[in-house]
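First comes the structure, then the notes that go with it.
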Amino acid sequence: MVPMPQLTAVRGDITTQQVDAIVNAANSAMRGGGGVDGAIHRAGGPAVLEDCIARFPRGLATGDAGWTTAGDLPSRWVIHTVGPVYSEHSPSEARRLLQSAYRHSLLEAVRHQLRTVAFPSISTGVYGYPKEDATKAALEEVTTFLASEAGSALQLVVFCCFSEHDLAVYQRTAPIFFGAAL
């Protein structure tokens, strides 16, 4: 029997995570931007943008994912995904698109035989997705995927939280995985 991959939530900088791939909460143009996207492009250097331009000349659709080099980052790859802008969709459609972004990111990781992946909190910054709802949707999708045959190839999924508040949301939402919030 293959053990269930480990889930963890940490407070930290996603650009310093030492995993096979970090996930970038990208915009659909795939040309860098603000927030997590800008931080990853700055830390990864020009190779990340060059690979985005070469691999995704027309960008990515909301809910989709694709990979590039990690450039100067400690991870080997960046998996770029586009989450929904919350105000542009009904709550159910936004949830479907957000879960699709997580699922497609995990599928990219498995497709490239990666074992460890770190996620930011997709769509909860300028895209305005309410953090508690986004966390529930992310955990539901990731745990469902990890329980599947495809998910058994992964060893570790990290939810890398930018702030103590974000980490506390994960802890409250899934204390079985991350412990109770203080």
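- Taking a cutoff of 4.0 Å between a charged side-chain nitrogen and a carboxylate oxygen, D20 and R115 do not qualify as a salt bridge.
- Proximity of a side-chain donor or acceptor of T116 to a complementary backbone N or O of V19 within less than 3.5 Å is not detected.
- Aromatic rings of Y127 and Y86 (six-membered ring for Trp) have centroids beyond the 6.0 Å cut-off, not under it.
- Under the 4.5 Å side-chain criterion, counting only non-hydrogen atoms from C-beta, R31 is in contact with L49.
- Side-chain atoms of R95 do not come within 3.5 Å of backbone N or O of E93 as any donor-acceptor pair.
- In this structure, H104 contributes its side chain and G63 its backbone to a donor-acceptor pair below 3.5 Å.
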* Asked: So C52 and T68, side chain to side chain contact (heavy atoms under 4.5 Å, CB included) or not? Walk me through it.
  -> CA-CA 6 Å; C52 281; T68 66; 3.9 Å; yes
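- N27 places a side-chain N or O within donor-acceptor distance of the main-chain N or O of M30, the cut-off being under 3.5 Å.
- Looking only at distances, a side-chain donor or acceptor of S148 sits under 3.5 Å from a matching main-chain atom of G151.
- For V117 against A109, the heavy-atom pair with the smallest separation is CG2-CB, 3.6 Å.
- Contact check for T81 versus N24: no side-chain heavy atoms found under the 4.5 Å cut-off.
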* **Stepwise side chain to side chain contact (heavy atoms under 4.5 Å, CB included) check, F159 with L7** => CA-CA 8 Å; F159 293 100; L7 287 177; 4.0 Å; yes
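- S100 contributes no side-chain N or O that, together with a main-chain N or O of R96, makes up a donor-acceptor pair within less than 3.5 Å.
- Residues Y129 and V23 share a hydrophobic cluster, clusters being chains of Ile/Leu/Val/Met/Phe/Trp/Tyr side chains in contact below 4.5 Å.
- Here the side chains of C160 and P120 are not in contact, with every heavy-atom distance at 4.5 Å or above.
- The side-chain heavy atoms of F162 and V36, taken from C-beta on, include no pair separated by under 4.5 Å.
- T144 contributes no side-chain N or O that, together with a main-chain N or O of E141, makes up a donor-acceptor pair within less than 3.5 Å.
- With contacts defined as side-chain heavy-atom distances shorter than 4.5 Å, the pair I22/S75 qualifies.
- Between S87 and V85, the closest side-chain pair of non-hydrogen atoms falls below 4.5 Å.
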* Under the side-chain hydrogen bond (donor to acceptor under 3.5 Å, both in side chains) criterion, do Q6 and Q155 qualify, and how do the steps go? -> CA-CA 6 Å; Q6 180 184 357; Q155 294 174 348; over 6 Å; no
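- A salt bridge links K131 with D166; the closest basic N to acidic carboxylate O contact falls under 4.0 Å.
- Atom-to-atom distance recorded for I122:CD1 and Y102:OH is 4.0 Å, nearest 0.5 angstrom.
- In this structure, D72 and A43 approach most closely via the heavy-atom pair CB-O, 3.5 Å.
- Counting heavy atoms from C-beta outward, Q17 and V10 have side chains that approach closer than 4.5 Å.
- Under the 4.5 Å side-chain heavy-atom criterion for Ile, Leu, Val, Met, Phe, Trp and Tyr, L146 and L107 are members of the same hydrophobic cluster.
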* To do: Given side chain to side chain contact (heavy atoms under 4.5 Å, CB included), test V78 with I40 step by step and report yes or no.
  => CA-CA 9 Å; V78 176; I40 287 172; 4.1 Å; yes
* Would L167 and E164 count as a side chain to side chain contact (heavy atoms under 4.5 Å, CB included) if you check the C-alpha gap in whole Å, the side-chain angles of each, and the deciding distance to 0.1 Å? -> CA-CA 5 Å; L167 180 59; E164 284 296 329; 4.2 Å; yes
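- With a 4.5 Å cut-off on side-chain heavy atoms, V82 and D64 do not count as touching.
- Aromatic rings of W67 and H80 (six-membered ring for Trp) have centroids beyond the 6.0 Å cut-off, not under it.
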